[in-house]
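Chain letters run A, B, ... following the sequence lines, proteins first and then strands; every chain starts at 1.
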Number of protein chains: 2
Amino acid sequence: MKPTVHDIASKAGVSLATVDRVINLRPGVHAVTRAKVETAILELGYVRDMAAANLAKGRSYALVFILPNNDNSFMAGLRAEVRAAASRSYVDRTSIRIIEVPPFDAAALAQALDVARLEKPSGVAFVAIDAEDVVEAVDRLTDSGIAAVTLVSDLTGSRRDHFAGVDNVAAGRTAASLMGRFLPEKGGDVAVLAGSMLVKDHRERLAGFKAVMEEEFPDLRLLPVLEGRDDPDTVQRLVAECLETNPQLLGLYSLGAGNRGLIKALKSSRQLSSPCVIAHELTENTTNALAEGVLDAVLNQNAGHEVRSAIRVLKARADGLAVIEAQERIRIDIFLRDNLP
Amino acid sequence: MKPTVHDIASKAGVSLATVDRVINLRPGVHAVTRAKVETAILELGYVRDMAAANLAKGRSYALVFILPNNDNSFMAGLRAEVRAAASRSYVDRTSIRIIEVPPFDAAALAQALDVARLEKPSGVAFVAIDAEDVVEAVDRLTDSGIAAVTLVSDLTGSRRDHFAGVDNVAAGRTAASLMGRFLPEKGGDVAVLAGSMLVKDHRERLAGFKAVMEEEFPDLRLLPVLEGRDDPDTVQRLVAECLETNPQLLGLYSLGAGNRGLIKALKSSRQLSSPCVIAHELTENTTNALAEGVLDAVLNQNAGHEVRSAIRVLKARADGLAVIEAQERIRIDIFLRDNLP
DNA sequence: CTGTTAGCGCCTTCAT
DNA sequence: ATGAAGGCGCTAACAG
């Protein structure tokens, strides 16, 4: 039988309250008494039943998600996943609030982080933008004892507790590797389309892509990077122009979002041979494009997994508990036409 | 405030015990009373707190995992994941027992299923072998009200509740697609190495691989399938022979396990140009082989995810609850040298 | 500093 | 067929 507080109380010769004080690191226990209790805990191999503890506390984890209100399917999907998690909150003992902020706006994000902090939640998850005032706002959060998790895009130099997202350098490298091997000919031009160099995930994907291209496929030339700000219309215009001016384009790597525009541009282009195109994030649009052969591969991060992972980590941090590391590693999904879900 | 049994009791004008009887579908409640309670439940939007219920019941989910004692890294990893889950059982309210059976032995599996049934656990997870007596044993399980989940390899025709594994037809198709695109030349021989045609996952991978090869890469000829029984030594011998007799082999798809032998054979072969090799399951061996360029791609199923998923599903089935479908879909991971974990 | 008591939401005797 | 009372493991007042 699993030992309970009663067992350790009687073994240590103290009352339940004292045991509770020791377990919860509360003050007001004589060092000697505390030692007795701790010994009993160790000897009996006691592990506290969090379900019972949460029941007694009537605890509910208040969580804030700060998400950009981008008009692209990936972010829409991410927001939907957070809402889905919020709708399960009655069983999770969580209460999730969403704050939407304009995309690529560091000041707005920093401000939202401060707003979140004042609500004194158990934890905050947010899509980071690389900027000093964001870093400072995050550190204010952790200083207040609030768990902080970055989602999708990480924030170096901050004291966030965890990053729920993929290894974006590896994603870029993978894209390059696939493209290099998919292209039959050597020598030719490859275009790269990013969202914004303001966010770390895009910079990292680009770095990974460039690195492998230079190391392993030196005959492929990279054209100057286009920035579409993850906006479908902007992306469509940029890609259409690019295809126009480079009729013999071999490959195109779209490392950001706004692929609706990308696909439209590709479909309406009248190239002799269509380029090998690799994009990110599996949505209805990219799924169809893959099936039709407009895209050759899609790298994906599972937004549902990221959100559920962020919640698990925030709850665990709030309780000072460990997580199953392997479960929280977000993998890079590679989709071809053949393994669509 | 979330409604509790007290709220619905007072609203329905009955006692807690009666409410409990209705909630748990226990007999001994007048139809009229039951209706009153059910109305109250609906009107208040009551959802029962499973954590509190489990606490009161002192419930622990007894789970049995039946696993083949194969000598290959994938199965060893799977067994390790189950043991890891078992070691977390004190927090999961599960008690997991592992039964090991000889590989590819339908009779032994059927017998183990019957043994498991007699222990009256909440659920059973097992790696299926396609055979009639296994199907019957599984149906005896579900007839006894025990949840049954297939792991890694599925069992058609049985009444198992769920399959915790990947879409193996898609995996085979994906392998073919990658290989066809990776191979620079047209025309040539491709070898396929399976474990056993007795298990459904291997048959499905082969079918998917063949289908795409025929549809999209008709110039690549498939050599007769080799069966290595997932045994490293057998595999090594078969592959060495194959490389010997087909010096100009273009590609090799290893759709089973025992890749230790595959890699040894590849390394010691003195081919002019090494073939494009795609294998399954990321282990220490295949990871190293990918990094060294001996393998070109590895398709993986995350054993940890499969085990955790099986446990979640078994627990949910035992309680008659729903699961988050998306969370239980096991994805096919594609690993290249560039996205190794 | 330490102990007693009541209760979180639910389930299970045992009466009635 | 229904209800009252006690308890699951833990925490939170409130006393001492």
Side-chain angles (χ1 to χ4, degrees), chain A residues 1-38 40-41 44-61 89-95 122 318-321, chain B residues 1-38 40-41 44-61 89-95 122 318-321:
Chain A
M1 214 44 213
K2 234 176 53 180
T4 74
V5 274
H6 290 92
D7 300 321
I8 100 147
S10 64
K11 168 131 187 156
V14 297
S15 74
L16 290 185
T18 301
V19 173
D20 185 69
R21 290 188 185 100
V22 174
I23 289 175
N24 290 291
L25 307 172
R26 271 188 282 264
V29 183
H30 196 94
V32 183
T33 320
R34 156 161 289 128
K36 276 195 299 186
V37 174
E38 281 166 348
I41 290 182
L44 290 149
Y46 168 82
V47 274
R48 110 126 126 344
D49 182 334
M50 278 308 277
N54 283 337
L55 172 59
K57 281 200 275 227
R59 165 157 210 173
S60 153
Y61 301 80
S89 58
Y90 63 90
V91 55
D92 284 4
R93 293 196 120 77
T94 56
S95 105
S122 301
D319 291 335
L321 294 180
Chain B
M1 213 43 215
K2 234 177 54 180
T4 73
V5 275
H6 291 92
D7 301 321
I8 102 145
S10 65
K11 168 133 187 156
V14 296
S15 74
L16 292 184
T18 302
V19 173
D20 185 70
R21 291 188 183 100
V22 174
I23 289 175
N24 290 291
L25 307 172
R26 270 189 283 265
V29 183
H30 198 93
V32 184
T33 320
R34 156 161 289 127
K36 276 196 300 188
V37 174
E38 281 166 348
I41 289 182
L44 266 49
Y46 167 81
V47 275
R48 105 115 105 25
D49 182 334
M50 275 311 259
N54 283 336
L55 172 60
K57 280 199 272 231
R59 165 154 211 175
S60 154
Y61 301 80
S89 58
Y90 63 89
V91 55
D92 284 3
R93 291 196 123 76
T94 56
S95 103
S122 301
D319 291 336
L321 294 179

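Going from atom CZ of Arg48(A) over to atom C1' of dC8(D) covers 17 Å, rounded to whole Å. Going from atom CG of Asp49(B) over to atom C1' of dC11(C) covers 13 Å, rounded to whole Å. Distance, His6(B) NE2 to dC8(C) C1': 10 Å, rounded to whole Å. Distance Leu25(B) CG to dC10(C) C1': 15 Å, rounded to the nearest Å. Taking atom CG of Asn24(B) as the reference point, atom C1' of dC10(C) lies 9 Å away to the nearest angstrom. One atom, CG of Leu16(B), and another, C1' of dT12(C), lie 12 Å apart when rounded to the nearest Å. Straight-line distance from the NZ atom of Lys57(B) to the P atom of dT12(C): 6 Å, rounded to whole Å. Rounded to an integer number of Å, the gap from NZ of Lys2(B) to P of dC10(C) is 7 Å.
Asp319(B) has no carboxylate O lying under 4.0 Å from a charged side-chain N of Arg48(B), or vice versa, which leaves the two without a salt bridge. Salt-bridge check for Asp7(A) with Lys2(A): failed, with every basic side-chain N at 4.0 Å or more from each acidic carboxylate O. Taking the charged nitrogens against the carboxylate oxygens, Asp49(B) and Arg93(A) do have a contact shorter than 4.0 Å, which makes a salt bridge.
Among the nucleotides dT2(C), dC11(C), dT11(D), the one closest to any side-chain atom of Arg21(A) is dT2(C). Taking only side-chain atoms of Thr4(A), from C-beta outward, the nucleotide of dG9(D), dA4(D), dA13(D) with the closest atom is dG9(D). Taking the side chain of Leu55(A) as heavy atoms from C-beta on, and the options dT11(D), dG9(C), dG3(D), the nearest nucleotide is dG9(C). Comparing dC8(D), dT11(D), dC10(D) against the side chain of Ala56(B) picks out dC8(D) as the nearest. Across dG3(D), dG9(D), dA12(D), the shortest atom-to-atom separation from the side chain of Ala17(B) is found for dG3(D). Each of dC11(C), dG9(C), dG3(D) was ranked by its minimum atom distance to the side chain of Ala52(B); first place goes to dG9(C).
In this structure, Ser15(A) does not reach the dT2(C) phosphate: none of its side-chain N or O atoms is under 4.0 Å from OP1 or OP2. At the phosphate of dC11(C), neither OP1 nor OP2 sits under 4.0 Å from any side-chain N or O atom of Arg59(B). Checking the phosphate oxygens (OP1, OP2) of dC1(C), no side-chain nitrogen or oxygen of Thr33(A) falls inside 4.0 Å.
Here Gly28(A) lies in heavy-atom contact (under 4.0 Å) with a base. Backbone-only contact: Val14(A) has heavy atoms under 4.0 Å from sugar-phosphate atoms and none from a base. Counting non-hydrogen atoms under 4.0 angstrom, Arg26(A) reaches the backbone sugars and phosphates but no base.
Between Tyr46(A) and His30(B), the one whose closest nucleotide on DNA chain D sits nearer the 5' end is His30(B).
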*For the pair Asp20(B) and Arg26(B), evaluate side chain to side chain contact (heavy atoms under 4.5 Å, CB included) and give the outcome as yes or no after the intermediate values.*
CA-CA 8 Å; Asp20(B) 185 70; Arg26(B) 270 189 283 265; 2.2 Å; yes
Test Glu38(A) against Val22(A) for side chain to side chain contact (heavy atoms under 4.5 Å, CB included), laying out the working first.
CA-CA 8 Å; Glu38(A) 281 166 348; Val22(A) 174; 3.9 Å; yes
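For the 3.5 Å distance criterion, the side chains of Asp92(A) and Tyr61(A) fail to qualify, holding no donor opposite an acceptor.
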